[in-house]
Amino acid sequence: WTQEPSLGLAVEVRRGLAEARRGMAEAKAGRAEALAAIRSARDEVANDDSVPADIRKRVVQQLDREIERLSSQGQS
C-alpha cells in the first residue's frame with residue numbers, strides 16, 4: 001500500500017529547501033565578510049612597526065591560520 005504525498009507536504013519540503021539555500025547563502029556571505037576583515041587586520045599588523053617584530057610575526061601567523069581555516073570551510 002502506497003500513499004501519495006500530500007500537496008501540503010510537498011509545499012513544506014520546497015519551503016524548507018528554500019530556507020536552507022538562503023541560510024547557506026547568508027553563511028557564505030558572512031564567511032566572506034569575516035575573511036575580508038581578518039585579511040585587513042593581518043595586513044595592518046604585518047605593516048605596523050610599532051609592534052615588536054616577534055609579536056607581529058606570531059599574530060600574523062595566527063591570522064594566517066584563521067584565514068586558511070575559514071577559506072577551507074568555504075570549499076566544503
Side-chain angles (χ1 to χ4, degrees):
W1 174 64
T2 61
Q3 184 178 2
E4 293 289 324
S6 71
L7 183 57
L9 177 59
V11 169
E12 288 300 315
V13 168
R14 279 192 211 110
R15 190 174 294 146
L17 288 172
E19 288 178 21
R21 286 185 191 109
R22 275 194 300 277
M24 290 169 57
E26 289 172 7
K28 185 176 180 179
R31 194 169 30 255
E33 271 186 51
L35 273 167
I38 293 170
R39 285 181 176 131
S40 176
R42 184 218 183 273
D43 291 344
E44 283 186 43
V45 170
N47 296 306
D48 188 347
D49 293 333
S50 70
V51 177
D54 61 323
I55 293 173
R56 195 169 58 235
K57 180 180 177 181
R58 285 188 306 208
V59 171
V60 167
Q61 288 172 339
Q62 289 173 342
L63 292 171
D64 284 343
R65 283 193 295 271
E66 186 63 13
I67 289 167
E68 178 60 32
R69 185 184 73 78
L70 286 173
S71 295
S72 67
Q73 282 181 354
Q75 296 172 3
S76 47

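- Screening residues 47-57 for side chain to side chain donor-acceptor pair (under 3.5 Å) gives D48-S50 as the qualifying pairs, with residues at least two apart or on separate chains.
- Scored by the side-chain contact (heavy atoms from CB on, under 4.5 Å) test, A27 finds no partners at all (sequence neighbours excluded).
- Among residues two or more places apart in sequence or in another chain, the salt bridge (Lys or Arg N to Asp or Glu O under 4.0 Å) test is passed with R15 by E12.
- Residues passing the side-chain hydrogen bond (donor to acceptor under 3.5 Å, both in side chains) test with E66, sequence neighbours excluded: R69.
- Applying the side-chain contact (heavy atoms from CB on, under 4.5 Å) rule to R22 yields the partners A18, E19; only residues at least two apart in sequence or on another chain are considered.
- To the nearest 0.5 Å, atoms CG (D64) and CZ (R39) are separated by 10.0 Å.
- Here the CG atom belonging to L70 is positioned 5.0 Å from the CG atom belonging to L35, to the nearest 0.5 angstrom.
- Between Q62 and R65, the closest side-chain pair of non-hydrogen atoms falls below 4.5 Å.
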